[in-house]
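Take a look at the structure below.
A note on names: the letters A, B, ... follow the listed sequences, proteins ahead of strands, and every chain is numbered from 1.
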2 protein chains.
Amino acid sequence: MAHSAGTNGKRGRDEMSRRGLSQVEVALVEFFVSLADMAGMPKSVGEIYGLLFASEESLAMDEIIARLGLSKGSASQGLRFLRDCQAVRTVYRVGDRRDFYEPELGLRNLAAGFLKEKIGPRLAEGSRKLAQLEEVIAKETPTLRRVHENRVHRIRSWQRTGQKIIPFALKFLKA
Amino acid sequence: MAHSAGTNGKRGRDEMSRRGLSQVEVALVEFFVSLADMAGMPKSVGEIYGLLFASEESLAMDEIIARLGLSKGSASQGLRFLRDCQAVRTVYRVGDRRDFYEPELGLRNLAAGFLKEKIGPRLAEGSRKLAQLEEVIAKETPTLRRVHENRVHRIRSWQRTGQKIIPFALKFLKA
DNA sequence: CGTAAAGTTCAAATATTATTGAACAAAATG
DNA sequence: CATTTTGTTCAATAATATTTGAACTTTACG
């Protein structure tokens with residue numbers, strides 16, 4: 001078990017309070033946990049971002065571990081994920097070897113980082129697979145080919161629309 | 001086990017081919033499985049939509065079951081999910097009691113259905129939780145309150161931006 | 001009605017994903 | 001350079017989500 005205080009493996013609202021998180025901190029952590037869930041990220045990622053978001057000053061990994069009651073492994077991986085998406089930044093404090101973390105608060109940057117890191121690669125992969133598919137279709141008999149080309153063109157059209165919308169939406173978020 | 005042909009529980013590319021799916025159908029099913037995964041939907045939902053998308057004519061549930069080799073339960077639940085999001089429609093054929101399904105092909109309608117059915121309720125729930133949180137914050141001491149209000153206002157601002165973008169993006173997709 | 005076909009539900013089984021923690025690596029400190 | 005602090009990795013474990021299939025409901029048909 002990752003921590004000494006709890007009587008079981010679940011980190012619920014009660015245990016969070018016991019660890020010294022205020023009601024507001026607990027609520028913000030919960031809020032971001034449900035957002036993380038919506039975006040298909042692990043719960044621990046939501047917890048960490050939520051805690052940093054609620055916290056006035058930056059936090060080191062061991063502080064995050066202590067306050068959320070999660071394991072070193074989860075904290076390390078969660079912070080890496082958040083760094084990869086540029087949802088958190090490290091800040092340096094004189095006389096302290098640890099890395100301190102603070103959250104990115106700009107919606108535009110959060111969205112851009114998530115799109116670039118987590119969505120972009122998968123769309124690129126899809127695009128690659130579609131290209132392969134078009135090769136297969138080109139070899140089919142004319143009757144069959146007509147139907148399949150129609151379908152694949154439909155997806156291509158979706159992709160073109162998406163590629164127009166995304167940069168536009170990001171500009172919209174600039175504010 | 002849901003089907004008689006396979007030697008194990010996995011439905012891979014090989015088994016799909018054996019069931020009489022063409023190379024193109026297999027590729028389209030795979031394509032939508034990975035899209036479904038990206039959107040946090042069960043694989044079976046992607047399979048079903050992919051098969052319908054690849055299919056020139058509408059299909060009944062038992063045909064979907066036979067061709068994809070999934071269970072009655074999965075097919076029923078998957079089709080319900082797709083109907084809920086308006087990603088598929090039922091069509092009627094004379095002299096056949098079964099419901100036949102065809103896919104929605106318009107990106108705008110697909111996106112709108114997904115947002116309304118799967119994203120909307122969660123955002124509403126988040127909004128509700130934020131309102132509760134604001135009540136708690138209002139009761140805090142002035143010093144603490146200042147910090148927390150700042151954080152929550154940030155989220156409110158995100159929400160306002162999101163609420164402006166979504167209808168705009170949907171209009172953009174109308175084409 | 002009685003029967004059969006079509007479809008749904010849900011508890012149990014399975015598959016997938018996240019978390020843990022101990023072993024390891026890197027880097028600063030004295 | 002030995003030691004301590006900080007952080008990472010990854011195999012085992014725990015937790016979660018999906019799938020299955022048998023029992024059930026609903027609807028149509030003769």
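- A:Y92 has its OH atom 15 Å from the P atom of D:dT6, to the nearest Å.
- One interatomic measurement links the two molecules: CZ of B:R93 to C1' of C:dA6, which rounds to 15 Å at whole-angstrom precision.
- Note on A:D62: nothing from the nucleic acid sits closer than 4.0 angstrom, heavy atoms only.
- If you take CD of A:E63 and P of D:dT5, they are 16 Å apart, rounded to a whole angstrom.
- Between B:R98 and D:dT27 there is no side-chain N or O to OP1 or OP2 distance below 4.0 Å.
- Remark: C1' of C:dT17 and CD of A:Q77 are 12 Å apart, rounded to the nearest angstrom.
- Distance CD (A:E47) to C1' (C:dA18): 11 Å, rounded to an integer number of Å.
- Rounded to an integer number of Å, the gap from A:R80 CZ to D:dT9 P is 4 Å.
- Under a cut-off of 6.0 angstrom, the local environment of CZ in A:R145 is crowded, with over 12 non-hydrogen atoms contributed by other residues, nucleotides or ligands.
- Applying the 4.0 Å criterion to OP1 and OP2 of C:dT19, one finds that A:S71 has every side-chain N and O outside that range.
- Contacts of B:R97 with the nucleic acid, taken as non-hydrogen atoms under 4.0 Å apart, include base atoms.
- Considering only the side chain of B:M61, C:dT8 comes nearest among D:dT19, C:dT8, C:dT20.
- Nearest to the side chain of B:L70, among D:dT6, D:dT20, C:dT20, sits D:dT20.
- Counting to the nearest Å, the P atom of D:dT5 and the CG atom of A:D99 are 17 Å from each other.
- The shortest distance between the side-chain N/O atoms of A:S74 and the OP1/OP2 oxygens of C:dT20 is below 4.0 Å.
- Of the candidates A:I48, A:L59, A:L52, A:L52 is the only one forming a side-chain contact (heavy atoms from CB on, under 4.5 Å) with A:Y101.
- Side-chain rings of A:Y92 and A:F100 stay apart, their centers remaining 6.0 Å or farther from each other.
- Residue A:Q159 places its CD atom among more than 12 non-hydrogen atoms of other residues, nucleotides or ligands, all under 6.0 Å distant.
- Mapping A:K72 and B:V45 onto DNA chain D via the closest heavy atom, the residue that lands nearer the 5' end is A:K72.
- When rounded to the nearest whole Å, the span between CD1 of A:I65 and P of C:dA22 equals 14 Å.
- Look at A:S44 and you'll find a side-chain N or O under 4.0 angstrom from OP1 or OP2 of C:dT19.
- Cluster membership for A:M38 and B:W158, using ILVMFWY side-chain heavy atoms within less than 4.5 angstrom, is shared.
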